[in-house]
Structure formats: C-alpha cells, structure tokens
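Written below as structure tokens is the structure these notes are about.
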Amino acid sequence: MNFGVSLNQEKPIEIALLGNPNCGKTSLFNAMTGGRAKVGNYPGVTVECKEGRVLTGSGVTLSLLDLPGSYSLSSRTPDEEITRDVVLGFHPDRSSPDVLLAVADATQLERSLGFVLELRDLGKPLVLALNMMDLALQRGLDLDLKVLSRELGFPVIPTVAPRKRGIAELTTELQKEALKGRDLKMAQSQISPQFQKWGEAEIKKRFLEIDRILALATRCLPQFTVWTDRIDQVVLHPIWGSLFLIFVLAFVFQAIFTWAQVPMDWIKDSIGFLGEVIHRKIPEGPLQSLLVDGVLAGVGSVLVFLPQILLLFAFLLFLEDSGYMSRAAFLMDRLMARVGLHGRAFIPLLSSFACAIPGIMAARTIENRRDRLTTILISPLMTCSARLPIYSLLIAAFIPNRVILGPLRLQGLVMVGLYFSGVVMALLMAVIFRKSFLQGANSVLLMELPTYKWPNLRDIFLGLLNRGKLFIYRAGTVILTASILLWFLASYPKPLPGEPGPAISYSLAGQLGRWLEPGVKPLGFNWKIAVALIPGFAAREIMLGSLATVYAMDEKEGGSHLLGERIAKEWSVATALSLLVWYVLACQCFSTLAVAHRETHSLRWPAFILVYMTGLAYFGSFLTYQISVRIGLG
Amino acid sequence: MNQDMIVFGIVSLVFAKIGIQIFRKFLAGFLSEWLLKCGKIKWAIWVRGQISAKTPCSNCKCS
C-alpha cells in the first residue's frame with residue numbers, strides 16, 4: 001500500500017482529524033468544510049464519524065473525517081475504538097486515511113503531545129494543527145514553531161479555528177504531506193507492538209520525550225488566567241456550586257417561558273390568519289376541513305413551540321461552549337456516585353435534555369459496560385425537548401402565572417419541577433438497576449476541565465439554525481403525515497343524517513378511543529387523549545398535533561390556537577397533572593428505542609426500556625390522578 | 001375536480017408513503033431473502049436497494 005497520492009485525482013485525499021477531546025477538532029472541521037457539525041466543550045459530543053469535503057485553491061479535493069476525541073490509540077471506550085480502527089485501517093466501512101491531521105490545544109500542549117507522538121510512530125503522513133493559538137498568545141505562551149516542527153518531525157501549523165486563521169496554510173501542508181507519502185513498512189512493523197505492550201517504562205520514556213521537546217521549543221510558558229481558578233473556587237464548591245447550578249437551571253427555564261412568548265404569539269397569529277384565508281378561499285367541505293382541522297391544527301400546534309425549542313438549545317450550546325458543562329458534570333459526580341452512576345454519565349444525561357438519541361450515543365465515552373448500560377436505560381427519562389410543547393401547553397392552560405419571588409413565576413417553577421422529576425426518576429431507576437441486575441463496583445471519574453472562554457456566537461447560531469431546520473423538517477414530514485392520517489380516522493365514517501352526538505364519535509378514531517377509554521379512565525384520561533396517545537408513542541411531538549386535530553374535529557370552532565382554552569374548559573387539573581406525569585415517565589419515541597437497540601446490540605434492552613417506562617408512566621399517572629381527585633383538584 | 005377527489009388523493013398519498021416506509025423497514029429484508037431463494041436475483045437486488053440506510057431519527061445531528 002502506498003500513501004503517496006497523485007494530484008490527478010480520481011478519489012479525494014482522505015484526511016482524519018484526531019486529537020484529545022476539547023481541542024477544537026470539530027471547530028476546525030467546521031472552519032475547513034463550512035460544515036454544521038455540533039461543537040461542544042466537553043467530551044462525548046462527537047461520538048460518530050463526521051465527514052466533509054474541502055476543495056482547495058489548486059482544485060484538489062480533501063475528504064475530512066472528524067473522529068471522536070481520544071487520549072490514546074490504546075482505546076478504553078467505544079468511541080476511542082472507532083478512532084483507533086479508522087486510523088489503523090481496521091474499520092469495516094472506511095479505508096485507512098491518507099494523511100493524519102492531529103489537532104492539539106496550544107494552551108495544553110503537554111497533555112496533547114502524548115497522543116501526537118503515538119500517531120507519529122505509525123509512520124503515516126502527519127500534520128499538527130496547533131489550535132487555540134489566540135488563547136495561548138493571550139496567556140503569554142511563546143513557542144518556536146520551527147523548532148517544534150523539527151523535533152516532532154512533521155509540519156506544525158498554528159490555527160484559530162473559530163476565526164478560520166491558519167486554514168489556508170493547513171490545507172497546503174495537508175496536500176504536500178499527501179504527495180510525499182511515507183514508508184508503510186515502517187508503520188506496519190510498529191503497529192501491533194506499540195499498542196499491546198505499553199508499560200510504565202514506555203510511558204515514562206514518552207513523557208521525558210515530551211519534556212525535552214517542549215524545553216527546546218518553548219521560549220515563554222503561558223500564565224494561566226487567575227480568574228478561571230477564581231471562578232472555579234465558586235463553581236466547583238460543593239455548596240455554592242450546587243446553588244449556582246440550580247440558579248442557572250431555574251433561570252434557563254424561566255427564560256424559556258418568558259422570552260419565547262412574543263414570537264410564539266406571532267406564530268399563533270400567523271397560523272390563525274392562514275386558517276381564515278383558507279376559510280375564505282375554499283368553500284366548506286372535506287378539503288377545507290383537512291387543511292384547517294388536519295394540517296393547520298396538527299402542524300401548527302407543534303410549530304408554535306419552535307421559539308422555546310430554539311431558546312433551550314441556545315442556552316445549552318452557550319453553557320457547553322463556555323466550559324461550564326464540564327464543571328457541572330464534576331459537581332454532579334458526587335451525586336451520581338451515590339446512585340451508582342459514573343460521573344461521565346452526567347454528560348450523556350445532560351445531552352438527553354435536548355434529545356435522548358445523542359445522549360444514548362454519548363454513553364460510548366463510558367468505559368465500564370454496566371455504567372454505560374445503566375446510562376442508556378435511564379437516558380429516556382431525562383426530559384427531552386420534544387416534551388417541552390406539551391408541558392408548555394398544559395402549564396399555560398392550568399397553572400396560574402403567579403409571581404413567586406422576584407422574576408420567578410409559578411409556571412416557570414412548575415416547568416423546573418417537571419425537569420427535576422425526570423432527573424429524580426432517572427436517578428431512582430439507576431439505584432434500582434445497580435442494586436439488582438447491574439451490580440458492580442463504581443469506577444473513578446477522571447476528566448479534563450477546559451479553560452473558560454467566551455462562547456463562539458457563530459457556532460451557536462449555526463447550531464440553532466441546524467436545529468430549527470430539523471424541527472421544521474420533522475413538522476413538515478412526520479407530524480404532517482400523522483395529522484392527515486388522524487384527520488382521516490377522525491372524519492370517517494361519517495354519521496347518518498339524524499344520528500345524535502358529535503360526528504367524531506362515529507369515526508374510526510372515535511370508536512378506537514371509546515374502546516381504549518376504560519384502560520385509561522383510572523388515569524383521568526378521556527377517549528380523545530387515548531386516541532392522541534397512540535400516534536404519540538411513535539414520537540412525542542405528534543401527540544400535541546393529534547390532540548389539536550381531534551379537538552378541532554370535535555368542536556369545529558377554529559384552529560389550533562384554541563386548543564389550550566378548550567382543554568382548560570374540558571379537563572380537570574387532576575387530568576392535566578396526570579398527563580404531565582405520563583409525559584415525564586413514558587417512552588414515546590421509537591427513534592430512541594432504535595438507537596438503544598443499535599448501541600446495546602440487542603432487542604432485549606430497548607424492549608425493557610419500553611416496558612418499564614410504560615409501566616412507570618401508567619402507575620405514576622394513576623397515583624397522580626387519584627391523589628389529585630381526593631385533594632379536590634378533580 | 002371536487003373536494004372529495006382531492007382529499008382522497010392526498011390521503012391515498014399519505015397511506016402509500018406509510019406503506020412504503022413499513023415495507024422498507026420491516027418487509028423488504030424478508031422479501032429479498034425469499035426472492036434470492038427463488039432464484040430471482042435481479043428482483044432481490046432491487047428490493048434490497050429499497051431498504052433505507054438512513055438513521056431513524058431526523059431530530060438530532062447524529063450520523
């Protein structure tokens with residue numbers, strides 16, 4: 001096999017991006033490809049390979065592969081295994097890369113060089129991108145890059161990925177290295193012995209080599225900012241840090257409720273206006289009903305919550321990028337250990353606040369199999385963004401907007417309470433699992449805390465844009481399909497002339513709902529909720545659209561913006577609370593189950609998730625409804 | 001074209017889309033195996049090609 005690549009390109013030059021977690025690989029990937037890969041400031045964000053293309057000025061195509069962060073090719077976690085397999089050419093779906101692009105954090109060079117030296121020993125063409133040079137220079141680091149390059153034996157290019165500095169020089173060097181190629185025989189003879197036989201002596205030798213290189217190449221050491229340590233004295237304090245974390249979470253959820261109100265009203269008004277236009281232009285009949293009661297009611301009721309979803313993601317991205325999330329993970333380690341969880345589980349669980357799917361995938365960073373499985377089993381209990389619309393609807397309809405303390409209102413507090421109850425249930429289930437069929441010793445948390453930095457607003461904006469597009473795409477496909485289907489089931493068959501009662505009760509959906517009603521009556525649910533729950537099992541957000549369609553078909557008084565008012569008149573507070581508890585606990589996402597199947601390589605565990613969560617939801621809703629009725633909320 | 005026909009067309013399209021997705025996810029694999037056993041290789045390859053390789057989730061950035 002020859003690593004040299006001719007510029008007469010039939011295939012692109014394959015380049016693998018490697019480095020420690022948090023060194024800016026994905027940020028560099030985005031800068032080079034203009035891609036939209038998510039950028040996060042804690043390990044576990046990139047747990048899959050992300051690929052992008054770069055067309056250089058000389059017309060050469062580079063294929064860039066962003067690999068999960070690794071500390072060593074002696075892999076301990078599934079995501080490090082992916083990196084190792086791709087680099088060594090063992091991955092079944094990928095050929096060995098032509099050039100390795102190692103990325104190192106210039107402010108933490110000593111920590112990064114260990115992995116870089118491992119890559120050097122492979123004998124493949126290698127380029128080092130020394131990222132975050134702006135931060136390093138701010139702190140007074142002065143490196144002689146020529147000496148560093150000479151001692152390492154390959155090119156070193158300083159970069160500032162968010163500002164795209166050094167990218168042009170980097171792509172030029174990558175092309176040069178691809179053309180040069182290296183002697184593969186040397187690489188092949190060194191691969192197996194290097195990773196199997198690392199002992200203490202080898203590691204010590206490696207560190208001595210790093211010290212020697214840095215001593216030669218460093219003219220002035222960086223002065224780490226005192227303010228980072230000062231902030232950490234508060235943020236990592238067991239009491240003040242925990243209080244700060246609670247304050248941050250309460251602020252985030254209150255802001256989601258308050259700041260999103262105006263754009264949500266705009267969307268509601270626009271949908272209402274669209275409904276009026278349809279009423280005027282299309283004569284009364286099945287088509288008008290389909291468009292207003294099916295499409296607008298269903299899709300509109302979900303689209304209305306787009307501002308809240310975007311706000312939630314904006315806050316999560318901001319906290320990730322600033323460096324605070326790793327501190328939060330560290331704080332939570334004590335609590336996690338008490339319930340038998342690894343501290344690293346905090347990051348997948350926190351990701352699950354956005355969506356359980358990347359959260360479950362991020363569990364690959366957990367070495368211990370039992371810890372990983374426990375995390376996967378409880379991730380769906382974390383309140384994901386898909387639950388937010390139904391929470392918002394029910395809280396707005398049933399919880400008064402009373403001031404509690406300063407800017408804190410009852411609605412915001414209830415929202416925090418719902419998120420908190422999801423967390424509490426997750427931790428409780430972790431205790432049960434760890435004490436029963438997943439027993440084993442706890443492993444120690446060892447994690448890097450990145451330095452604080454002002455988040456990159458461009459990356460946050462790109463992340464939000466991507467999220468918004470995905471949300472609208474989902475509304476326009478899955479939810480639209482479900483809304484039309486449910487409209488059909490709720491419209492036909494029609495009653496014969498003269499038959500009593502609302503038309504919907506004669507339809508297929510009505511009959512199905514009546515059939516299911518005895519099963520859900522103890523939970524305080526009526527047949528309309530029962531009908532909406534069925535498609536809601538496929539994806540949570542569908543339930544809201546389905547509920548809107550069913551109520552629109554029943555009343556025929558207007559579009560989705562009346563749903564909150566209608567349920568406020570028809571349901572009791574007990575029913576609303578019961579449905580909220582159902583939503584906290586039930587697994588209503590086939591996609592989550594599919595990813596759990598993929599990550600556990602088994603059908604047993606996703607089936608277990610579905611069964612235990614449905615059982616929890618039924619029992620929880622039942623208790624909530626029965627207690628609420630007895631205290632006078634029924 | 002009256003409203004009933006338009007609605008019938010739209011709803012039929014939705015049912016067809018759902019049917020195709022169910023076929024791709026759950027039936028195409030079995031069908032292609034059966035076609036292979038029957039010696040209909042070209043049909044088996046065509047059916048196999050209909051199986052979607054996409055991840056089930058479109059609500060997050062994961063590959």
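All values derive from a computational prediction rather than experimental measurement.
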Margin query: For Val14(B) and Phe488(A): C-alpha separation, side-chain torsions, deciding distance, then whether side-chain contact (heavy atoms from CB on, under 4.5 Å) applies.
Written below: CA-CA 10 Å; Val14(B) 168; Phe488(A) 175 76; over 6 Å; no
Checklist line | For Thr481(A) against Lys17(B), the heavy-atom pair lying closest together | finding: OG1-NZ, 3.4 Å
Checklist line | Spatial distance of atom CG (Leu287(A)) from atom CD1 (Ile10(B)) [nearest 0.5 Å] | finding: 6.0 Å
Notebook entry, point to check: Considering only heavy atoms from C-beta outward, does the side chain of Trp487(A) approach that of Val7(B) to under 4.5 Å?
Noted result: yes
Next item on the list: Output the distance between atom CZ (Phe8(B)) and atom CG (Leu290(A)), rounded to the nearest 0.5 Å.
Entry: 13.5 Å
Note to self: Any non-hydrogen side-chain atom of Val11(B) less than 4.5 Å from a side-chain atom of Leu485(A)?
What the structure shows: no
Check: For Ile18(B), is it the side chain, the backbone, both or neither that has a heavy atom under 4.5 Å from a heavy atom of chain A?
Finding: side chain
Note to self: Please determine whether the number of non-hydrogen atoms from other residues, nucleotides or ligands lying under 6.0 Å from atom OH of Tyr492(A) exceeds 12.
What the structure shows: yes
Check: If we only count heavy atoms from C-beta on, is the Ile282(A) to Gln3(B) side-chain gap below 4.5 Å?
Finding: yes
Notebook entry, point to check: Should we say atom CH2 of Trp605(A) is surrounded by more than 12 heavy atoms from elsewhere, each under 6.0 Å from it?
Noted result: yes
Note to self: How about CD1 on Ile41(B), more than 12 heavy atoms from neighbouring residues, nucleotides or ligands closer than 6.0 Å, or not?
What the structure shows: no
